[in-house]
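A quick write-up on the structure given underneath.
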Amino acid sequence: MDCILPDPPPPRRLSEEGDTLLEFQMGTDPATLPQLHVRQTSGVPSVDRIAFGIGERMQCLPGIKAIRFRLPVALRLPSDSGPAAAAP
């Protein structure tokens, strides 16, 4: 199955970090919407909401059979020591 993940949220919207495990279930009937739920929470509600939003915006090409898959989403705060750090 080919899927396109949306870009993660801009760093300014992320105030905490964590790992969330999403689970998708897609059927063969095009009238049935894919089912998405949080399989394992990060323990941080705001991180889980952002991860769920990423899952909702993911676009997959229709498959030829029913499928269930899991997608780990790791959200991390940007490091101030990296090359993307702003100059003082």
Side-chain angles (χ1 to χ4, degrees):
M1 173 177 291
D2 294 322
C3 296
I4 300 170
L5 288 171
D7 290 330
R12 65 183 173 276
R13 287 186 51 207
L14 188 61
S15 60
E16 298 182 87
E17 57 185 25
D19 300 328
T20 303
L21 182 62
L22 301 176
E23 184 171 84
F24 293 83
Q25 184 171 341
M26 298 179 179
T28 56
D29 182 1
T32 305
L33 294 175
Q35 297 175 13
L36 166 67
H37 70 275
V38 174
R39 175 76 175 179
Q40 182 176 344
T41 179
S42 67
V44 182
S46 61
V47 170
D48 291 344
R49 281 192 301 272
I50 291 171
F52 194 85
I54 289 171
E56 286 182 318
R57 294 189 322 271
M58 188 171 74
Q59 298 176 359
C60 295
L61 297 175
I64 55 173
K65 62 179 183 174
I67 186 170
R68 180 186 310 212
F69 63 97
R70 294 180 182 161
L71 175 69
V73 179
L75 295 174
R76 299 287 179 259
L77 294 169
S79 172
D80 291 338
S81 61

message: Minimum heavy-atom separation for S46 and E16, please, with both atom names.
response: OG-OE2, 3.5 Å
message: Are Q40 and D48 packed together at the side-chain level, in the sense that at least one heavy-atom pair is separated by less than 4.5 angstrom?
response: no
statement: Note: G55 and L36 closest approach over all heavy atoms is C-CD2, 3.7 Å
task: Would you check if V38 and L22 make a side-chain contact, meaning some heavy-atom pair closer than 4.5 Å?
output: yes
query: Would V73 end up clustered with F52 when hydrophobic side chains under 4.5 Å apart are linked, directly or stepwise?
result: yes
message: Taking side chain to side chain contact (heavy atoms under 4.5 Å, CB included) as the definition, give me every residue that meets it alongside E23, ordered by chain and number, with sequence neighbours left out.
response: H37, R39, R68, R70
message: In this structure, would L21 and F69 fall into the same cluster of hydrophobic residues linked by side-chain contacts under 4.5 Å?
response: no
Heavy-atom side-chain proximity of I54 to L75 below 4.5 angstrom: yes
Shortest non-hydrogen separation from P45 to G43 and the atoms involved: CD-O, 3.8 Å
